[in-house]
Amino acid sequence: MRFFADREICYADILPPSEVRARIEVAVLNFLKILTCTDPAISDLLLINRKSSNRRVSQGLLTDDDTWIFLSRSFCKRTLMRANAAKAFIRVWKVMEMCFKILSQEKRVTQRELFYKLLCVSPDCFSSPLQVNRTIQGLLRCSRYSLGIMASSRGIVAGRLLLQEPDKEVVDCSECGSSGYAISGDLDLLDRLVMKTDARFQAVSDTRGLVQHAIFQRLAEDRVFNHIPSILITAKGYPDIATRFLLHRMSRTFPELPIMALVDWNPAGLAILCTFKFGSIGMGLEAYRYACNVKWLGLRGDDLQLIPEESLVSLKPRDLQIAKSLMSSETLQEKHREELTLMVQSGKRAEIEALYFHGYDYLGKYIAKKIVQANYI
C-alpha cells in the first residue's frame with residue numbers, strides 16, 4: 001500500500017450504541033465545562049474536513065485491487081463566532097441529540113426520516129436533506145449505522161446465490177423472478193447473511209434512473225445467470241450504501257469471482273463504476289468498507305460499432321460537468337481516462353438499450369462473448 005507520511009488515514013469506527021451514547025455524553029460534558037470557564041470559549045466544534053483537498057487515495061503496489069478513497073485527519077470548524085456559520089454549529093448538536101434518542105430507544109431510522117424529524121423540531125436550522133448528510137459525515141468519527149442511521153436501499157440481486165438471514169428460510173435468488181431479491185438497508189443484517197454460490201462471475205448492472213432496472217429485469221427474466229453462471233446486482237442508479245456493502249461483502253466471501261460492470265457509455269455510467277470501485281468522497285470515512293475491484297465490461301468505445309448511429313445521443317451539459325470532475329480525479333485509471341476522453345471528443349453517449357437493435361435476446365450473448373474473450377478493463 002502507498003501511505004502518506006504527513007497524513008493519517010481517518011476511519012469511521014463501528015461502535016455499539018452504548019459507546020456512541022458515551023461519546024455524545026463526553027462531547028456535551030466538554031461543552032458544558034467550557035461554558036463554566038471564567039473566560040468561556042464556546043466558538044468551535046471540530047469535524048473531519050470533507051473537502052476534495054483533504055481527499056487521498058490508497059493504492060496497491062502491484063495492482064489496483066485495493067485502491068480506495070479516504071479522508072486524512074484534517075479538521076474543519078463549526079463556529080458560533082461567525083453569524084453565517086452559527087446554524088451549522090447548532091445543526092451538529094441537534095443531530096447528536098436526535099441520534100442519542102434513537103440509540104436510547106434501540107431504533108433505526110433512515111437519513112430521510114431523520115431529516116423530517118429534525119425539520120419538525122428545528123425548522124429554522126434544517127431546510128434540506130443535504131444539510132443532514134453533511135452534518136452526519138465525520139460526526140463523532142463513527143459510522144452512520146453506529147449512529148442509528150439505516151441505509152435506504154434500492155438494490156436488488158438475482159442469480160446463482162443462496163441467502164439465509166438469521167433464523168429464516170434459505171432464499172434462492174435464482175427463483176425470485178425478474179423483480180429479484182430486495183437488498184435490506186440493515187447493514188447488520190447484511191453482515192450476518194449466510195451466502196453460498198456456484199457462480200463464476202458477478203455482474204453489476206447500473207445506470208441512472210429506472211431504465212437500467214429494465215435491463216436487470218431483462219437479464220433476470222431471460223435467466224442469463226443459467227447460461228453464464230453469475231450473480232446479478234443493480235442499485236437502480238448511483239449505488240446506495242447497502243448495495244455497495246453487500247457487493248463488497250460478496251467480493252470478500254467469494255474472492256475468486258470477478259466483478260463485471262455493465263453501464264451506459266457516458267460520464268455518469270463511468271462515475272457509477274468508479275463509485276463501486278473506489279468509494280466516494282461523500283463517504284470518505286467509510287469508503288474503504290464498500291470499495292471492491294470492479295472490471296468495466298461494457299458499454300465501451302469499441303462497442304459503438306454494434307450500435308446504429310441514430311441511437312447515439314448528444315452529451316448534455318450535465319454529462320460534461322461529470323466528465324470534468326472525473327478527469328480531475330486521481331483515482332481514474334488510464335484506460336478509463338481514454339474512454340472518457342473519447343466520449344467528450346465524440347460528443348456522444350450510448351445506452352445499453354441500443355444493443356436491442358440486434359434483438360431482445362442479444363444482450364446475454366453480448367455479455368457472454370465479452371466474458372469469454374476477457375474483453376474488459
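All values reported here derive from a predicted model rather than from experimental measurement.
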After noting the C-alpha distance and the side-chain angles of E113 and K117, does the key distance pass the salt bridge (Lys or Arg N to Asp or Glu O under 4.0 Å) rule?
CA-CA 6 Å; E113 289 171 330; K117 182 65 174 177; over 6 Å; no
Closest heavy-atom pair, A323 versus L340, reported as atoms and distance to 0.1 Å, is O-CD2, 3.6 Å
Under 3.5 Å, is there a donor-acceptor pair between the side chain of R23 and the main chain of C142?
no
Spatial distance of atom CE (M96) from atom CD (E25) [nearest 0.5 Å]:
11.5 Å
Any side-chain to backbone donor/acceptor pair from S328 onto S325? Under 3.5 Å, distance only.
yes
Do D222 and Y360 have side-chain atoms, one donor and one acceptor, less than 3.5 Å apart?
no
Verdict with supporting geometry, L114 and I149, side chain to side chain contact (heavy atoms under 4.5 Å, CB included)
CA-CA 8 Å; L114 178 61; I149 301 170; 3.8 Å; yes
Without hydrogens or angle criteria, can the side chains of Q131 and S127 be said to hold a donor-acceptor pair below 3.5 Å?
yes
Test log, rule salt bridge (Lys or Arg N to Asp or Glu O under 4.0 Å), inputs D303 and K370
CA-CA 10 Å; D303 295 318; K370 285 263 189 179; 3.0 Å; yes
Is the backbone of L130 close enough, under 3.5 Å, to the side chain of N133 for a donor and an acceptor to pair up by distance?
no
With clusters defined by side-chain heavy atoms of hydrophobic residues (ILVMFWY) lying less than 4.5 Å apart, directly or transitively, does I102 cluster with M150?
no
Are W296 and E339 close enough that a side-chain donor and a side-chain acceptor fall under 3.5 Å?
no
Please tell me whether V313 and L342 are part of a single hydrophobic cluster in this structure, the criterion being side-chain heavy atoms less than 4.5 Å apart.
no
Work out which heavy atom in K236 is nearest to a heavy atom in I156; give both atom names and the distance.
CE-CD1, 4.2 Å
Y181 with V194, same ILVMFWY side-chain cluster at under 4.5 Å:
no
Rounded distance [0.5 Å steps], CG in D198 versus CZ in R160:
4.0 Å
Looking at side-chain heavy atoms only, is the closest gap between S104 and F100 below 4.5 Å?
yes
For the atom pair CG (L247) and CG (L190), what is the distance rounded to the nearest 0.5 Å?
11.5 Å
Pairwise side-chain contact, F126 with V132, heavy-atom cut-off 4.5 Å (strictly under):
yes
Would you please classify the geometry between the W93 ring and the F31 ring as parallel, tilted or perpendicular, with 30° and 60° separating the classes?
tilted
Heavy atoms of other groups near R200 CZ, more than 12 under 6.0 Å:
no
Check for a donor-acceptor pair, side chain of R252 on one end and backbone N or O of C292 on the other, with a separation under 3.5 Å.
no
Show your working on side chain to side chain contact (heavy atoms under 4.5 Å, CB included) between M327 and R337 and close with a plain yes or no.
CA-CA 7 Å; M327 281 295 190; R337 195 177 298 275; 3.7 Å; yes
Test of understanding: clusters of I, L, V, M, F, W, Y form through side-chain heavy atoms closer than 4.5 Å, transitively. Do I352 and L304 belong to the same one?
yes
Look at the side chain of S311 and the backbone N and O of E309, then say whether any donor-acceptor pair between them is shorter than 3.5 Å.
no
Hydrophobic cluster membership, with links at side-chain heavy-atom distances under 4.5 Å among I/L/V/M/F/W/Y: are I259 and L193 in one?
yes
Side chains of P239 and I272 in contact at under 4.5 Å (non-hydrogen atoms)
yes
Would you check if M195 and M250 make a side-chain contact, meaning some heavy-atom pair closer than 4.5 Å?
yes
Taking all non-hydrogen atoms of both residues, which atom of G279 and which atom of A291 are closest, and how far apart?
N-CB, 4.0 Å
Let's go through E338 and E334 carefully: what are the C-alpha distance in whole Å and the side-chain angles of both, what is the deciding distance for side chain to side chain contact (heavy atoms under 4.5 Å, CB included) to 0.1 Å, and is it a yes or a no?
CA-CA 6 Å; E338 291 172 1; E334 187 57 36; 3.9 Å; yes
Do R218 and E353 pass the salt bridge (Lys or Arg N to Asp or Glu O under 4.0 Å) test, and can you show the C-alpha distance, the side-chain angles, and the key distance before you say yes or no?
CA-CA 11 Å; R218 167 58 57 191; E353 287 83 356; over 6 Å; no
For R112, does the CZ atom sit with more than 12 other heavy atoms under 6.0 Å from it, leaving out its own atoms?
no
Going by heavy atoms in the side chains, are D319 and M343 under 4.5 Å from each other?
no
Is there side-chain contact between V171 and Q164, with at least one heavy-atom pair below 4.5 Å?
no
Kindly indicate, with the supporting measurements, whether the criterion side chain to side chain contact (heavy atoms under 4.5 Å, CB included) is fulfilled by L262 and I367.
CA-CA 9 Å; L262 183 65; I367 294 172; 4.0 Å; yes
Backbone of L161 reached by a side-chain donor or acceptor of K196 within 3.5 Å:
no
Does any part of the side chain of D302, heavy atoms only, come nearer than 4.5 Å to the side chain of N375, both counted from C-beta?
yes
Spacing of Y116 atom OH and T110 atom OG1 [to the nearest 0.5 Å]
10.5 Å
Flag, side chain of H358 to backbone of L306, donor-acceptor distance under 3.5 Å:
yes
Any idea which heavy atoms bring Y366 and L299 closest together, and the distance?
OH-CD2, 3.5 Å
Is any side-chain heavy atom of T197 closer than 4.5 Å to a side-chain heavy atom of L257?
yes
Distance-minimising heavy-atom pair for F216 and I233:
CE1-N, 4.0 Å
Say whether S184 and D186, considering side chains only, have a donor N or O and an acceptor N or O under 3.5 Å apart.
no
Does T275 use its side chain to pair, donor to acceptor, with the backbone of A271 at less than 3.5 Å?
yes
Between NE2 of H227 and NZ of K365, what distance do you get to the nearest 0.5 Å?
10.5 Å
Any side-chain to backbone donor/acceptor pair from K295 onto M260? Under 3.5 Å, distance only.
no
Test: R108 cationic atom under 6.0 Å from Y145 six-membered ring centre, within 45° of axis
yes
Does R223 come within less than 4.0 Å of E175, counting only side-chain N to carboxylate O?
yes
Between S178 and Q217, is there a donor-acceptor pair closer than 3.5 Å when you use the side chain of the first and the backbone of the second?
no
Have R318 and N266 got a donor and an acceptor in their side chains that come within less than 3.5 Å?
no
Rounded at 0.5 Å granularity, tell me how far CD1 in I24 sits from CD in E97.
10.0 Å
What are the two closest heavy atoms between L315 and R349, and how far apart are they?
CD2-CB, 3.8 Å
